[in-house]
Asker: 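Submitted below is the structure of interest, expressed as structure tokens.
As a basis for the values below, the full set of heavy atoms in this structure was taken, side chains included, without hydrogen atoms, waters or symmetry mates.
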Amino acid sequence: HFVLGEAEITLPQFLADVARGHPQPIYTTDEFPDLRYSPIPRYDLVDLRRYATMSIQFSRGCPFNCDFCNVTALFGHRVRTKTAQQIVAELDYLYRLGWRGEVFFVDDNLIGNKKILRTELLPALIEWRRDKRGIAFQTQVSINLADDVALMDQMVEAGFSTVFVGIETPDDGSLAECSKKQNLSRDLVADVKRMQRAGIQVQGGFIVGFDNDTSSIFQRQIEFIQNSGIVTAMVGLLQAMPGTELYHRLLREGRLRSKVSGDNVDGTTNVIPLMNFDVLRDGYRRILESIYSPEYYYQRVKTFLREYKAPKIKAPLSLDYIVAFFRANLHLGILGSERAEYWKLLFWTLFRRPQLFPLAVTFAIYGYHFRKICEMATGSA
């Protein structure tokens, strides 16, 4: 049985038919539900010990129209939101269940409706965190957050420590090609650093394989990622998701080679590129092998730490962190091939940005994980 669309509409129909003993093969709808009537997720069914973060959703929909993205195809352009009271109730529920870790607002663009965010959600989160200081939030936003200093300050006060931004490419021609208008004609490196200086870590999404891309794009992507200090850089080959403008265009042009994998960092693509495919594949591999090599990666961490405004309120060090620190010293600082870079980063941080030492250790551990993922994506394991 396929229960499609948003569950607030189609799931009750399916469950009612199951109760009657006559479920249908497909349930679908063209409607977009009012999120103010969405129920609280059953977090009590989750084994919280098995998760690094918990997920919450405030809004659906996005005002932009990037041609490779299926968000608007799934959720529409109009940004629909829950109420601040609903979000507080969900957070209270998680807190009562004992959750004290990070919470990821999975909205595709949390700032899609700035007015509601500014006047309703963020004030409620600021109030909620007054006695729950250790809990931090992550989310996804568009690059124009960098234009709004007041909103960045308010988000930091509300507990947002990290945002994921779809940067895609430093090439304006490729941005225009994919209708990523919000990223056009900007100093994207300066935008990233502005967010970092506000106290927000920026994770970035990047794509190679646009029709406009030439063989120079691979080095340009490497230089952009290094100069921006984006520690977590998710680089993928262009993929055409069903329902997107890109998919329909390439279908008309006969340039779809297979079904999309759904994993945009597995080194595969369902697009027949204009660039020679071997050049594209080798260039993609070169990006990953460069940016996650110990030399490049640890240098990028330092670039970030130079800019980053340390939060005023820090979570207390947990036993898990202390154990992880000693394991990192063993596996990365003694046994690891990157041990020289590891110790240089730790001592640099101790002398230059000592308040960020726990973050430096965390990034070092992340780097080890990222290299393993890259080995799988590039086949260089």
Side-chain angles (χ1 to χ4, degrees), residues 1-94 97 99 103-110 112-113 116 121 138-140 164 166 205 236 239-248 250-251 256 258-266 268-270:
H1 304 280
F2 290 90
V3 184
L4 308 177
E6 297 181 52
E8 288 88 347
I9 294 175
T10 53
L11 187 58
Q13 299 169 1
F14 169 68
L15 296 176
D17 286 350
V18 167
R20 288 192 291 266
H22 299 289
Q24 303 301 309
I26 296 177
Y27 294 83
T28 187
T29 179
D30 294 327
E31 297 178 51
F32 295 126
D34 188 335
L35 300 189
R36 293 174 298 177
Y37 301 100
S38 295
I40 294 179
R42 288 289 306 277
Y43 294 115
D44 59 300
L45 299 178
V46 176
D47 184 354
L48 300 180
R49 297 168 298 178
R50 299 180 64 87
Y51 291 84
T53 63
M54 279 290 106
S55 295
I56 249 177
Q57 186 180 55
F58 174 62
S59 68
R60 294 180 198 157
C62 180
F64 300 115
N65 195 32
C66 310
D67 80 340
F68 58 82
C69 180
N70 63 350
V71 169
T72 53
L74 291 171
F75 300 128
H77 283 290
R78 186 174 66 85
V79 178
R80 294 163 288 129
T81 68
K82 294 177 181 176
T83 65
Q85 291 74 25
Q86 283 174 283
I87 296 299
V88 168
E90 293 184 21
L91 289 169
D92 280 339
Y93 189 18
L94 278 171
L97 291 171
W99 184 255
V103 175
F104 180 29
F105 279 73
V106 301
D107 307 44
D108 294 292
N109 188 357
L110 187 74
N113 188 323
I116 291 179
L121 180 63
Q138 306 176 36
T139 194
Q140 303 176 113
F164 180 89
Q239 296 200 31
M241 301 293 290
T244 62
E245 292 295 325
L246 175 65
Y247 184 90
H248 293 308
L250 296 181
L251 185 64
L256 293 175
S258 62
K259 290 185 178 180
V260 66
S261 72
D263 182 349
N264 62 340
V265 290
D266 65 357
T268 68
T269 176
N270 67 331

Asker: Write down the atom of Leu110, the atom of Phe105, and the distance for their closest heavy-atom approach.
Answerer: CD1-CD2, 4.3 Å
Asker: Hey, are the side chains of Ile56 and Val106 touching, using non-hydrogen atoms and a 4.5 Å cut-off?
Answerer: no
Asker: Drop me the distance from Leu251's CG to Thr244's OG1, to the nearest 0.5 angstrom.
Answerer: 10.5 Å
Asker: Grab the two heavy atoms, one from Gly243 and one from Ala73, that are nearest each other, plus how far apart they are.
Answerer: O-CB, 3.6 Å
Asker: Considering all heavy atoms of both residues, which atom of Thr83 and which atom of Gln86 are nearest to each other, and what is their separation?
Answerer: N-OE1, 2.7 Å
Asker: Do side-chain atoms of His77 reach the backbone of Cys62 as a donor and acceptor pair under 3.5 angstrom?
Answerer: yes
Asker: Gln140 side chain to Asp107 main-chain N or O, any donor-acceptor pair under 3.5 Å?
Answerer: yes
Asker: Please check if the side chain of Gln239 supplies one atom and the backbone of Thr268 the other of a donor-acceptor pair under 3.5 Å.
Answerer: yes
Asker: May I have all residue pairs that pass salt bridge (Lys or Arg N to Asp or Glu O under 4.0 Å) and include part of residues 72-93, sequence neighbours excluded?
Answerer: Glu6-Arg80, Lys82-Glu90
Asker: Flag the pair Phe75 / Asn70 as yes when at least one side-chain heavy-atom distance between them is below 4.5 Å, and no otherwise.
Answerer: no
Asker: Please tell me whether His1 and Tyr27 form a close aromatic pair, meaning their ring centres lie under 6.0 Å apart.
Answerer: no
Asker: Would you compute the distance between atom CG of Leu74 and atom SG of Cys69 and round it to the nearest 0.5 angstrom?
Answerer: 8.5 Å
Asker: Can you establish whether the number of heavy atoms outside Glu245 located under 6.0 Å from its atom CD is more than 12?
Answerer: no
Asker: Taking the side chain as every heavy atom from C-beta outward, state whether Val46 and Met54 have any atom pair closer than 4.5 Å.
Answerer: yes
Asker: If I take atom CG from residue Leu246 and atom CG from residue Asp67, how far apart are they, to the nearest 0.5 angstrom?
Answerer: 5.0 Å
Asker: Between Ser38 and Glu8, is there a side-chain donor-acceptor contact under 3.5 Å, judged purely by atom types and distance?
Answerer: yes
Asker: Measure the CD1-CD1 distance between Ile87 and Ile40 for me, rounded to the nearest 0.5 Å.
Answerer: 9.5 Å
Asker: Of the non-hydrogen atoms in Val71 and Gly61, which two are nearest, and what is the gap between them?
Answerer: CG1-C, 4.5 Å
Asker: Just verifying a value: how many Å separate Gln57 CD and Asp108 CG, rounded to the nearest 0.5 Å?
Answerer: 7.5 Å
Asker: Quick one: are Thr72 and Asn65 in side-chain contact, heavy atoms under 4.5 Å?
Answerer: yes
Asker: Can you list everything that forms a salt bridge (Lys or Arg N to Asp or Glu O under 4.0 Å) with Arg42? Sequence neighbours excluded, please.
Answerer: Asp44
Asker: Ignoring hydrogens, what is the shortest heavy-atom contact between Val18 and Pro23? Give both atom names and the distance.
Answerer: CG2-CB, 4.0 Å
Asker: Would you compute the distance between atom OG1 of Thr10 and atom CD of Glu31 and round it to the nearest 0.5 angstrom?
Answerer: 10.5 Å
Asker: Under the rule for side-chain contact (heavy atoms from CB on, under 4.5 Å), what residues qualify as partners of Thr81, not counting sequence neighbours?
Answerer: Phe58, Ser59, Val79, Ile116
Asker: Can you see which heavy atom on Ala7 is nearest to which on Pro12, and at what distance?
Answerer: O-CD, 3.1 Å
